[in-house]
Peer 1: 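My questions all concern the structure below.
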Amino acid sequence: MKLTAKSVSRVALVSTLVAATAGAAVLVAAPASGAASTLAAAAQQSGRYFGTAVAAGRLGDSTYTGILSREFDMVTAENEMKMDATEPNQNQFSYGNADRIVNHARNQGKRVRGHALAWHSQQPGWMQRMEGSALRQAMLNHVTKVASYYRGKIYAWDVVNEAFEDGSSGARRNSNLQRTGNDWIEAAFRAARAADPGAKLCYNDYNTDNWSHAKTQAVYRMVQDFKSRGVPIDCVGFQAHFNSGNPVPSNYHTTLQNFANLGVDVQITELDIEGSGSTQAQQYQGVTQACMAVSRCTGITVWGIRDSDSWRSYGTPLLFDNYGNKKAAYTSVLNVLNSGTGSTGPTTTSSSPNPGGCTATYSEGEKWSDRFNGNVTVTGTNNWIVTVTVSTPQKIIATWNTSPSWDSTGNVMTARPNGNGNTFGFTVMHNGNWTWPTVSCRVA
Ligand code: G3I
């Protein structure tokens, strides 16, 4: 295999496709289907969902419920399914507000993420005062009763929320639940599985986005251990609360992919990004692209609808402004969802064969945090010319099994055989854009 590093510096100016020249094959575009006009419909094209946190107290607001109906197909109760809400007195359960949200969602065909069965925070007063085996029993009773009550109605439960320390320790958070014994998390998962065998069971946390952070590594090791010992865990939730002090990390895709490689789904569960305008839109784009690039990233939930609905409304972190208007961030998310980029869509794209011509088929190769490989296989002739076009700001940095030449923008590579057969490959620095390259073929 011959590797040719492309060292010419190139300025990417255009992102439009090169028009097919006479006799050239016509490109089949990458999206799985046409552009959709809502977040849910766009996400569904790749088999994903797009959800939001919902507060029962806002269900009387018609602007709020209008956007909810139109844009989202997954719902998380923002506070109403937490321990203090559902078990205010020991063994006396209260589901009024939670039911309001669950019924509102299910009546509209939306699914529900359950949040959260066991957590050090938002415990009812009686539980905050407990320790030891009494607390362990009370926690397991809570998990069993609540998950049983909602059996069959929950797509995924956040079984345990936020059980690890921030910072560099990689340790479990010191809480009354942790003090009942290190096995409290797996005990909660087993109880949840027994109570609702049909629900996906997730571990959910924040500050687990950067692959090199100790907390991310610690959660990863726990999930790895659970999978190796058969503890019933199906998914990991990444809350994804970002701001300028805690921006979307450049290795976010690596984090999601590495967790997925353990054999669990990954979900972005509480997304919000403080900021405004194009800066905020770009960050939302990056998060959405990272999910779309991981086949086991099954969906994204934003933590509220309008900025004014947010737990940190001062940071205007959501996709709709206070009046319910779509923000630039909304458009960037919708466009990425519509791009169909992601491995649950087609794994290849082909140019259409023209009579007596050739077909070039693109398939995904390996992916890393900053780059990905693509392969192109040509059929119909041994004497081909394949045009590969990448989108700004992507750059092709290496090729193999072909002799490439370039247009002045550097976005368009013309590939010819170099004696190594009819399959060639290349490496793309994605620079935040995971859109697939497009290919077309003609006979030389
Ligand atoms: O509803 C009462 C209201 O009657 C009362 O007047 C008012 C006075 O304090 O409090 C209101 O309740 C507040 C509730 O939000 C509803 O707005 C609680 O005090 C407040 O603590 C609660 O905050 C929630 C927070 O979790 C509690 O931990 C936020 O809404 C909610 O968005 C936030 O969500 C968490 C996730 O569950 C886990 N991950 C982090 C995320 C953000 O902190």
Side-chain angles (χ1 to χ4, degrees), residues 51-61 64 68 72 74-88 94-102 112-125 127-128 139 142-143 146 150 154 156-167 172-173 175-178 185 188 201-210 213 215-216 219 235-243 245-246 248 266-275 287 299-320 322:
T52 183
V54 168
R58 298 185 198 276
L59 289 174
D61 175 337
Y64 182 86
L68 171 59
F72 301 99
M74 183 72 76
V75 163
T76 305
E78 186 175 0
N79 288 297
E80 294 79 353
M81 292 173 120
K82 294 174 180 175
M83 300 175 100
D84 57 352
T86 50
E87 195 178 356
S94 167
Y95 295 112
N97 284 331
D99 281 349
R100 232 158 268 146
I101 292 173
V102 171
V112 177
R113 289 192 87 264
H115 173 79
L117 290 171
W119 187 17
H120 70 278
S121 182
Q122 308 258 132
Q123 293 181 0
M127 187 180 273
Q128 290 175 32
M139 180 274 286
H142 180 88
V143 170
V146 177
Y150 284 111
I154 303 295
W157 267 112
D158 291 334
V159 178
V160 170
N161 199 35
E162 302 176 1
F164 282 80
E165 287 282 356
D166 292 315
R172 294 280 185 89
R173 181 191 296 274
S175 70
N176 60 349
L177 289 169
Q178 180 63 28
I185 298 180
L201 305 182
C202 301
Y203 176 78
N204 191 52
D205 214 329
Y206 66 92
N207 281 353
T208 48
D209 312 290
N210 191 320
H213 283 181
K215 187 171 175 182
T216 310
V219 174
C235 38
V236 176
F238 296 81
Q239 294 185 8
H241 295 294
F242 296 113
N243 58 22
N246 177 34
V248 181
V266 294
Q267 298 164 359
I268 295 170
T269 52
E270 304 180 15
L271 177 61
D272 54 16
I273 307 175
E274 289 184 35
V287 171
I300 298 174
T301 294
V302 287
W303 205 239
I305 297 179
R306 300 162 298 194
D307 284 334
S308 50
D309 301 319
S310 170
W311 65 294
R312 46 180 188 172
S313 53
Y314 54 86
T316 61
L318 295 173
L319 301 179
F320 295 87
N322 295 353

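In each ligand, atom 1 is the first atom listed, and ligand 1 is the first ligand listed.
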Peer 1: Kindly give the heavy-atom pair with the smallest separation between A163 and I185, and that separation in Å.
Peer 2: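 Distance-wise, the nearest heavy atoms are CB-CD1, 3.6 Å.
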Peer 1: Would you call D205 and R173 a salt bridge, taking side-chain N to carboxylate O under 4.0 Å as the test?
Peer 2: no
Peer 1: Can you list everything that forms a salt bridge (Lys or Arg N to Asp or Glu O under 4.0 Å) with D272? Sequence neighbours excluded, please.
Peer 2: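 Only R312 meet the salt bridge (Lys or Arg N to Asp or Glu O under 4.0 Å) criterion with D272.
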Peer 1: What residues sit with at least one heavy atom under 4.0 Å from ligand 1?
Peer 2: E78, N79, K82, H115, W119, Q122, N161, E162, Q239, H241, E270, W303, W311
Peer 1: With sequence neighbours excluded, tell me which residues meet side-chain contact (heavy atoms from CB on, under 4.5 Å) with A116.
Peer 2: D158, N161
Peer 1: With sequence neighbours left out, write down each residue that passes ring-ring contact (aromatic ring centres under 6.0 Å, His included) with Y150, or none if nothing qualifies.
Peer 2: Y95
Peer 1: Distance-only, no hydrogens or angles: does the N246 side chain make a donor-acceptor pair with backbone N or O of H241 under 3.5 Å?
Peer 2: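 Side chain of N246 to backbone of H241: a pair is present.
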